[in-house]
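Taking it in order: structure first as structure tokens, then the write-up.
In listed order, ligands and their atoms are each counted from 1.
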Amino acid sequence: MDKICVTRQLPQAGLDMMAQAAELVVSPHDRALTRPELMELCQGCRVLVCTLAEPIDREFLLARPEVRMVSNYAVGHDNLDLAAGQELGVVMTNTPGVLSDATADLTMALILALMRRVVEGDKLLRAGGFKGVAPMWMLGSDLMGKTLGILGLGRIGEAVAMRAVAFGLRIIYHSRHPRPEAERALGAEYVGFDELLARSDVISINAPLNPATWGLFNYHTIKRMKPGAYLINTGRGPIIVEEDLARALHDGLIRGAALDVYEHEPQVHPGLLGLDNVILCPHLGSATQETRTRMSTLVAENVLAFLEGREPPNRLV
Ligand code: DGY
């Protein structure tokens, strides 16, 4: 019987589906595995189900040649070396589509919380700082009529735009390719990256991590953002140079930031921790019961297709 290595506790629905076709070897630790732990757990397994916390590179694939398929429990796949997978004939899949709404909901939650100072207000109140409503106290920003700039109008970016339109935000976006049908549906306008920086009152990063986006938001680019703008990141942490963001916030270049992902996850740059105008969320984009369950069944659909010799629905290579 084939063996499937699963690096984390996953929702039962996906595990049950896979258990009908193969023996499951599930990590006893519910935490990111070290490389030696992963190597040991995978021994003799034809399939590996992993998360973005496990880098699957050429060295790993060469050391564990019995692993013929890697099913990533995430839509983002910057932890997978696709080129090595392709070259070594290892099938690799991800979980697109099923987490777009959950991630877009969290993005909107962060935009609202940041612009209306919800987290800051909560902290103040608990610390005894609420002395009654005051006309000039804790003033945030309206969303209505402001411009939201979306970096990356893929499935998640589009789901963010749909929600933002309902709050009266105008949408501009920068993506690898213009999306004319999304422009028609959302009234969105395609702009160059510099224009995105200069015109947006809020920027939402919904792009994947790749060589073109790595470190894209650094002190120099943040300085070109509209003064008083906000920066939201629910994509991937290394798209922002955290030290530069902390400095830009400290220097008052932009009004605030809300992050769900980090450059050196799970570490957060200490310069961000003490700032009241920063919301720090612990990578919760897809963290709803429904979405995580659907991710587990999609992972299983990909694995079962592979084991049955069919084309996995979400094959990357
Ligand atoms: C993804 O799927 O890429 C998310 O970041 C994981 O929650």
How far is [atom] from the closest protein heavy atom, and which atom is that?
| atom | value |
| --- | --- |
| atom 6 (C) of ligand 1 | Leu52 CD2, 3.6 Å |
| atom 2 (O) of ligand 1 | Val75 N, 2.7 Å |
| atom 3 (O) of ligand 1 | Arg236 NH2, 2.7 Å |
| atom 7 (O) of ligand 1 | Ser286 OG, 2.8 Å |

message: Tell me the closest heavy-atom pair linking Ala305 and Pro312, and the distance in Å.
response: CB-CA, 3.7 Å
What distance separates [X] [atom1] from [Y] [atom2], expressed to the nearest 0.5 Å?
| X | Y | atom1 | atom2 | answer |
| --- | --- | --- | --- | --- |
| Arg236 | Thr213 | CZ | OG1 | 10.5 Å |
| Arg179 | Tyr190 | CZ | OH | 12.0 Å |
| Leu41 | Leu33 | CG | CG | 6.0 Å |

message: Atom CD of residue position Gln289 - does it have more than 12 heavy atoms of other residues, nucleotides or ligands inside 6.0 Å?
response: no
Compute the shortest N/O to N/O distance between [X] and ligand 1 and return yes if it is under 3.5 Å, no if not.
| X | answer |
| --- | --- |
| Met295 | no |
| Gly235 | no |
| His283 | yes |

Ala74 neighbourhood, listing ligand 1 atoms whose heavy-atom distance to it stays under 4.0 Å: 1 (C), 2 (O), 3 (O)
- prompt: In terms of atom number and element, which parts of ligand 1 are under 4.0 angstrom from non-hydrogen atoms of Gly76?
  reply: 1 (C), 2 (O), 3 (O)
- prompt: With no hydrogens and no angle check, do the side chains of Thr107 and Thr234 hold a donor and an acceptor under 3.5 Å apart?
  reply: yes
task: Determine, step by step, whether Arg170 and Glu189 satisfy the salt bridge (Lys or Arg N to Asp or Glu O under 4.0 Å) criterion, reporting the C-alpha distance in whole Å, the side-chain angles of both residues, the deciding distance to 0.1 Å, and the verdict.
output: CA-CA 9 Å; Arg170 264 192 305 271; Glu189 181 191 346; over 6 Å; no
task: With heavy atoms under 4.0 Å as the rule, classify the contact between Leu99 and ligand 1 as side chain, backbone, both or neither.
output: side chain
